[in-house]
Amino acid sequence: MISSENVRAYVERMASGEPAPGGGAAGALQAALGAALLAMSARYSTGSEHAAQAERAAARAEELIPRALGLADDDAEAFGALSGAYGLPKDTDEERAERSRAVQEATAGAAQPPRALIGVGAEVVGLARELTGWCNPNVLSDVAAAAEAARAAVATAMVTLEINVRSLKDAAVREELRAGLTQGEQAVEDAAELTRRIRERVRG
């Protein structure tokens with residue numbers, strides 16, 4: 001679990017031949033890093049007339065960190081369940097039917113961490129946009145880094161979610177998950193626009 005490993009050990013495990021953690025967990029880690037950068041940036045902005053806003057932003061960003069890290073573990077667990085479902089026997093009609101049911105159930109479960117990650121990443125982008133309006137100018141680059149980390153997290157989650165949606169037979173579940181893709185598209189666009197505006201301010 002990511003909560004019981006240091007960064008080096010976790011990254012090295014990701015680089016190994018193990019199937020998990022993989023892309024989904026990497027995206028969750030990106031979101032956590034983005035939230036951490038925003039918490040730091042907000043705390044460097046508490047000396048202004050926006051001190052109360054900065055404290056609230058820092059507190060919310062800190063709440064998002066364990067949420068994002070938890071999704072890294074959720075993603076790895078869901079991948080394990082899906083792999084297990086695909087490994088079920090399929091020699092008889094009954095076994096094939098049970099395997100198909102289990103695969104669909106596990107696929108729906110595997111879609112939940114990336115769906116949730118899109119929401120977390122979108123909130124990180126929203127907080128970054130808020131901070132840009134009043135943060136200490138010295139941390140603008142950190143706010144941009146947070147937005148870009150969140151953008152990577154959301155884009156990664158969208159790819160994973162699309163793969164799962166494609167495999168689902170339940171139309172209602174597919175439609176609900178596609179709403180997450182719409183939210184993700186907006187978050188990716190917002191993050192790119194925010195970074196562009198920050199770069200323009202930095203350039204003067």
Side-chain angles (χ1 to χ4, degrees), residues 1-44 57-83 106-107 109-132 139-165 177 180-181 183-192 194-195 198:
M1 293 178 63
I2 193 170
S3 59
S4 61
E5 296 180 65
N6 61 41
V7 173
R8 183 184 181 91
Y10 192 75
V11 171
E12 287 179 347
R13 187 155 65 88
M14 189 176 288
S16 74
E18 296 182 34
L29 183 56
Q30 287 274 35
L33 291 171
L37 283 168
L38 289 184
M40 180 270 288
S41 298
R43 290 201 164 89
Y44 271 98
R60 181 53 186 158
E62 280 205 333
E63 290 173 354
L64 291 173
I65 296 170
R67 171 69 174 137
L69 293 178
L71 288 173
D73 289 334
D74 290 347
D75 184 83
E77 184 177 336
F79 180 82
L82 184 57
S83 296
T107 300
Q112 296 310 310
R115 174 66 183 90
L117 181 56
I118 289 172
V120 171
E123 187 166 358
V124 172
V125 173
L127 279 173
R129 184 166 51 186
E130 178 189 341
L131 261 70
T132 303
V139 297
L140 274 173
S141 62
D142 298 294
V143 175
E148 288 301 304
R151 179 163 66 145
V154 171
T156 299
M158 288 173 65
V159 174
T160 305
L161 186 57
E162 284 170 332
I163 291 171
N164 289 317
V165 167
L177 292 173
L181 294 173
Q183 181 186 24
E185 293 284 4
Q186 188 62 57
V188 166
E189 291 176 11
D190 289 347
L194 180 58
T195 299
I198 290 175

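Because only heavy atoms are used, hydrogens play no part in the values below, and waters and symmetry mates are left out as well, while side chains stay in. Starting from 1, each residue takes its place in the sequence as its number.
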Asks: State the CG-CG distance between L29 and L33, to the nearest 0.5 angstrom.
Replies: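 Going from the CG atom of L29 to the CG atom of L33 covers 4.5 Å.
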
Asks: Atom CZ of R115 and atom OG1 of T160: how far apart are they, to the nearest 0.5 Å?
Replies: 14.0 Å

Asks: Could you tell me whether the side chain of M40 reaches within less than 4.5 Å of the side chain of R43, counting heavy atoms only?
Replies: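 A side-chain contact is absent here, since even the closest heavy-atom pair is not under 4.5 Å.
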
Asks: Just wondering, do L177 and L181 contact through their side chains at under 4.5 Å, heavy atoms?
Replies: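 No - every pair of side-chain heavy atoms lies 4.5 Å or more apart.
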
Asks: Taking all atoms of both residues into account, what is the closest heavy-atom pair of E62 and A39, and its distance?
Replies: CG-CB, 3.9 Å

Asks: Determine whether V188 and M158 make a side-chain contact, defined as any pair of heavy atoms from C-beta on separated by less than 4.5 Å.
Replies: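 Of all side-chain heavy-atom pairs linking M158 with V188, at least one is under 4.5 Å.
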
Asks: Please examine the side chains of L38 and L64, heavy atoms only from C-beta on, and report whether any two atoms are closer than 4.5 Å.
Replies: no

Asks: Any idea which heavy atoms bring G22 and M14 closest together, and the distance?
Replies: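 For G22 versus M14, the nearest heavy atoms are O-CE, 3.9 Å.
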
Asks: Measure the shortest side-chain to side-chain distance between L117 and V154 over non-hydrogen atoms and say whether it is less than 4.5 angstrom.
Replies: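 Not in contact.
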
Asks: Taking the side chain as everything from C-beta on, heavy atoms only, tell me whether T132 gets closer than 4.5 Å to L140.
Replies: yes

Asks: Apply side chain to side chain contact (heavy atoms under 4.5 Å, CB included) to A36 and list each qualifying residue two or more places apart in sequence or on a separate chain.
Replies: I65

Asks: I would like to know whether T107 and L82 meet side chain to side chain contact (heavy atoms under 4.5 Å, CB included); could you show each step before the answer?
Replies: CA-CA 6 Å; T107 300; L82 184 57; 3.4 Å; yes

Asks: Within this structure, what is the CG-CD distance for the pair N164 and Q112, rounded to the nearest 0.5 Å?
Replies: 9.5 Å

Asks: With a 4.5 Å cut-off on side-chain heavy atoms, are P21 and D75 touching?
Replies: no

Asks: Please find the pair of heavy atoms, one from G34 and one from A146, that lie closest to each other, and give the distance.
Replies: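 Scanning both residues, the minimum pair turns out to be O-CB, 3.3 Å.
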
Asks: With sequence neighbours left out, write down each residue that passes side chain to side chain donor-acceptor pair (under 3.5 Å) with E63, or none if nothing qualifies.
Replies: R60

Asks: Would you compute the distance between atom CZ of R151 and atom CD of E189 and round it to the nearest 0.5 angstrom?
Replies: 10.5 Å

Asks: Are more than 12 heavy atoms, taken from residues, nucleotides or ligands other than E77, located less than 6.0 Å from that residue's CD atom?
Replies: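 Count not over threshold, so no.
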
